Structure formats: C-alpha cells, structure tokens
Novice: 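Mind having a look at this structure? Questions to follow.
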Amino acid sequence: MEPMNRFLTFKQKLILTYMVFIVLPMSVLGLGAYRLYSDAMEKKVSDFAQQVAVSTASNIEMYIAELEQFTLMPYYNPDFQDMLTENKDPDPLLSLEVKKTVEKNFSFWQSQRDSVENISYFSKPGVGRERIYNLGYLPPDLEVDKLPWFESFDGSDDIVTYLSLHQPAPTDLIQNTPPPKVFSLIRRIYQSSTILITSGYFQVDFTLEDIERIMSRVNREKNASYLLMDKEGQIVYAGDPVDERLLPHIVELPSDVPSRQIVNTGNQKHIVVHHPVGKMGWTVVGYVPVSQIVSGIIQVRNSMILIGAVCIAFALIVSTGISYQITKPIYKLISLIKRVETEDFQIQYDNPPRNEIGQLIRSFIRMSRRLDETIRNLYQAEIVRQESELRALKSQINPHFLFNTLETIKMKAEIDEADGTVDMITALGKLVKTSLHAGNDFNTFREEREYLINYFYIQENRYASRFDMTIDVEEGLLDWYIPKLLIQPLVENAFYHGLEMKQGKGKLSVSIAREGACVKVAVTDDGLGIPPERLLHLRHNLDDGKQRGSQDERSIGLANVSARIRLYFGSPYTMRIDSLPGEGTEVVLLLPPIKSESEVNIYVSRHNR
C-alpha cells in the first residue's frame, strides 16, 4: 500500500476514494436488494405451492368422501342387503338367481362411475356359508382371510378401510395385459337385523382416472410439479417423471403434517412442499426447482446491473469533475510556491475559492508579500548600517563640531592658561575615545550619561550661559543597556537645528525612564521647532524606513537612529518626533528593557545577520 501512495497523485487518490465509497455501497445495496428479491420470490412461490398442495389435498379428500358414499350402495336397498347377508343354505337354483341379481346390481353401480374398476363382496369367514360375489373372474383358491387388508380391518372397529394403489388380480380368464392399478375402499356390511354383527365386506376398486383429472389441473403450471404419494413411499400418481435424485428426499418427508423445506440434489435446489390427504394415508407433494424462480428474475438482475453500471459511470464522471475542482487550486498553490522558491515574490491568484484552500492561498500570498517587504526592509536597513559604519570610519565626530570645539579651546587657552583648558581637553578626549572605541555595540545608561555630561560640558563652555542643559536618568536603569551613541545624534540635532539660531536663552533636557514595558528616552528643546510640512515629510521618510540623508543633511542623524532601532529591535520599538514651530521639538525613543549582556548578545546577533 505504501508504494502505491507514493506514486498516486492527490487527484487520483481522491477519485479512487470516491469510487470506493460509491461503488462499494452500490454493490452491497444492489447485491442485498437482489438477494432480498430472490428470497421474497422463493417465499412467494413456496407459499403459492403450499396453497396449491393444500387445495389439492382438500379436493382429493372430498373425492374420497364421495367414494365412501358410493360404498353405501348395499344399504340403500334393504332387500338387497338381506340377500347379501343371508346365512341359510338356499336352493342351488335360488343361489344362482341371487348371484345373478347381485352381479347385475354391481354392474349397474359400476356404470354410474367411470373410475370403478371392480366391485366385490366377501362374506366374513366363519359366519354362515361362504359367499363371494364379483364382476369378474376370481381365482378358485381365493381365501378371504388372506387378503392384505383383512387382518387389520377385521380386528379393528373401523367401518371403512382403505387400500392404497395395488395391482388387482386378473378379472378375465384370458387377458393379454395386466389390469390397471387401483386403490380400494372396503366397507363392513352388517346384518340387516342388527348393526352389531359383521356379515361381510363390500370392496370397490377404483382406477386413478378421477385422481389424474384432479392432479392434472394443478400440473398445468410449468414451473411446479405435483405428485401423490402414499405412506409407504409409493408414488400413487405423478404427472411428470420424478427425478431419481429427488425421490429419496421426498420419501423421507413426514407424511402426517404439512411442511415445506429446501432440498439439494447435487447442483440443483428444489423447494418441496407437502400436505397429507387424511384417511387414505396419501400425501400431496409439490416441488419447484429454484432455477425456475431464478430464471424468472434474471431480467431484473440484468436491469439492476445495467442501472448500476450507468450509475457508476456517472459517479466516475462526477467524481472526476469534483476532484478536478478541488485539486485545481491546490496545483495552482504548488506553482505559486515554486515561484516563491525562485525568489519571485510578486505572485497573484485571481478569485481564489471561498473555502479552506482559498483561505490557504490568500494567506500564502499575504505571507509572500510580507516576506518580500521584510527582505526589502532588511536590505535597506543593512544599507543604512553599512553607510553608518562607513560614515563613522570617515568621521567619528562631526568635523564641524570638532572644529568649533578646538576654536573654543584655543580662545579659552588665550584667556585662561590653566584649569579650564585642561577640563575641556579632557572632556573632548573622552568623547573622541567613546566614538572611536571598537568594542561592544552597546553601552550602559551609566556610560551613556557620562558621555552626554562631557558633551554638555563642552557645549556649555562653547556657548557660555546661552543654554540650560539637564540629563535625568532613572536610578534603576543605570546598569541597563542601550545601543552606543543612540542619544548623541538627537542632542546634536537639538543644538544645531533648534537652539543655535534661537534668540535668547534656550533649554535642552534628556530624560530616561521606564514607561510600561519599554524604556522611554526623551530629548526635548525649546528651540525654533520644525515646520509642519517638513515634519510630515520627515515622519513619512522615517516610517517608510528610507534614508533621505543624502538629499537633506539635517535628517541624517534622525534617519540613522531610526534605522538602528528598526534593525536592532523591530516593532513595536520606534522613534517619535513632535514639534511646534517657535515652541520647540521633542524626540522620543521607545526601547526594550535590556538588563544583561546575554540579552545584548541576542540583539547584536540579530543586527549582524
């Protein structure tokens, strides 16, 4: 399964999944429906066959009841009954006359029903003289007590007994063919004077003519066959030849209760039903080959297969279309990813779908654009950093400031040859040393404060008492860290662009304190301020992260500071400028709290990437 997953595309897997979840349920449902239909047809045919068997058995029972009425003929004529039951020895001539009379009545009764093959009367052995009357020839050695029905019937209280299908004795002296098989009804004949004494037995043999007529009506159906079987397993009547493989199973069926069952004969299966016929001990048996039922529903099965095939083909087409619609944006997303891998971030997807995949595509496009913007910002920041480093190498301190400072020192030296000159030179040396030091990129606020104090000392000596300069650092922040020379450019801008051209005394203050989760550095002056257009332009350039210093020397320091903050710390740390013309300017830096050298190393490594 694993190798297959490697080579199948997502679309192929999707189509395969659709087919499995469509074909499998349809196949199961179709097979189940066909099976249920087949079982229902089998039950329906079985119920119908059982009803036919019950109806046939009822018809045969009614027919046997008619035959029982037929055996009552001797009782309809009392004189004839007396003639049969007379036990005295009459005159031979009279005996001959009686015999003719009896046989004449027998012949008349036979003519009334076509199925009557023979009529006989046997006097009971041991009761009076022996008398046997018959329409045909009787063997001279005939013994009544040897007849197959006599022993059981004579010892019972039954009035009528039944003899199943048997081969009777020939009724003619010369007979080329054996007589047809018959079944018989034997009735007790009582003496006319009492019904307690059996005088003889009246036997009527019937052919299967009427039975055949009854059975032929139910055997007209081609799908089912019916037969009549006695309790000995002998086939009384069968319209069609019975399969020899089926016959042993039929014989084993219980004959006294109705039932139905499935009988297997090799590769053939039959539904077999049977119902008893009552007094005769016969059983009506019906059997239907299951193949006959199945052949009747082949057309239904073929129709179901055809409909299923059409549905599967339609499902395949629909699933292919759905899979294409689902996978199309996925493949488009893959192509966009490949473009981004080649550093082409200007990707676009018109009208992405309004689903999870469309949301993924839109998110990826936004991510690629942000990545492009981040790369551009990093590139510009790196350019700023490199230009700053190059500028620092060329001139660590503004030459103009250094020149003016040296002029001040010269003038001071002419006026006062001692301590003042030494202090200024010392302060300048510290500034130059800090600017030119090639150590860490970060100072503590304590070191930054010392740098600003020296800077303020030099400016105070240069401008005498023109400016009031203060620096206030929160005591708990002195050992925290800040990028080196991040505040000095802001102070220098405040001197040269805000206070130097101002008439009268000016003020400049540096405040460093905690504000929420940040460290706030504020450089404030009450100088000339910045015109609104100039301030808006300056803010725009700083927000875009663009270096405009090459066109405007006054914004070099601010641009460098803003770029270093962005490069070191990123959002939300930034620089904010507020100014009003004639009132002054405030530059605020929001910096992260850096409390240890390990945290310094994190920002330094980010800066150097």
Side-chain angles (χ1 to χ4, degrees), residues 1-52 220-225 243 260-273 286-338 349-362:
M1 191 65 181
E2 185 65 25
M4 181 181 295
N5 288 334
R6 292 180 179 178
F7 291 106
L8 290 178
T9 64
F10 179 72
K11 182 190 295 185
Q12 293 170 336
K13 291 178 182 178
L14 202 58
I15 294 174
L16 184 61
T17 302
Y18 282 141
M19 293 306 299
V20 168
F21 283 99
I22 291 174
V23 174
L24 185 61
M26 287 186 62
S27 301
V28 172
L29 289 176
L31 183 62
Y34 176 74
R35 186 64 182 175
L36 290 175
Y37 182 74
S38 300
D39 293 343
M41 286 297 298
E42 287 187 15
K43 187 177 185 306
K44 184 177 181 180
V45 172
S46 176
D47 292 342
F48 178 75
Q50 184 69 40
Q51 292 175 4
V52 172
R220 292 173 184 173
E221 294 290 336
K222 295 182 179 180
N223 293 334
S225 298
D243 190 347
R260 71 183 77 182
Q261 62 185 41
I262 302 296
V263 174
N264 290 308
T265 58
N267 58 352
Q268 181 67 279
K269 185 167 68 171
H270 295 80
I271 299 175
V272 179
V273 298
Y287 58 94
V288 182
V290 175
S291 59
Q292 296 288 342
I293 302 174
V294 174
S295 63
I297 59 176
I298 288 179
Q299 184 175 1
V300 176
R301 182 198 62 188
N302 294 340
S303 299
M304 291 177 64
I305 293 175
L306 178 61
I307 294 173
V310 172
C311 291
I312 290 173
F314 179 74
L316 179 60
I317 295 173
V318 173
S319 62
T320 302
I322 294 175
S323 301
Y324 175 77
Q325 292 298 324
I326 292 176
T327 57
K328 180 181 178 181
I330 295 178
Y331 287 120
K332 180 63 175 179
L333 177 60
I334 292 174
S335 66
L336 296 179
I337 293 174
K338 291 181 178 179
Y349 190 107
D350 296 330
N351 299 321
R354 298 180 178 273
N355 53 26
E356 291 81 357
I357 298 177
Q359 184 177 357
L360 180 62
I361 292 174
R362 287 188 289 269

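Everything numeric here is computed off the predicted structure, so don't read it as measured data.
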Novice: At their closest point, which heavy atom of Ser46 faces which heavy atom of Val273, and how far apart are they?
Specialist: O-CG1, 4.0 Å
Novice: Sequence neighbours left out, what passes side-chain hydrogen bond (donor to acceptor under 3.5 Å, both in side chains) with Lys44? Give chain and number order.
Specialist: none
Novice: Please identify each residue that fulfils side-chain contact (heavy atoms from CB on, under 4.5 Å) with Leu360, with sequence neighbours left out.
Specialist: Leu333
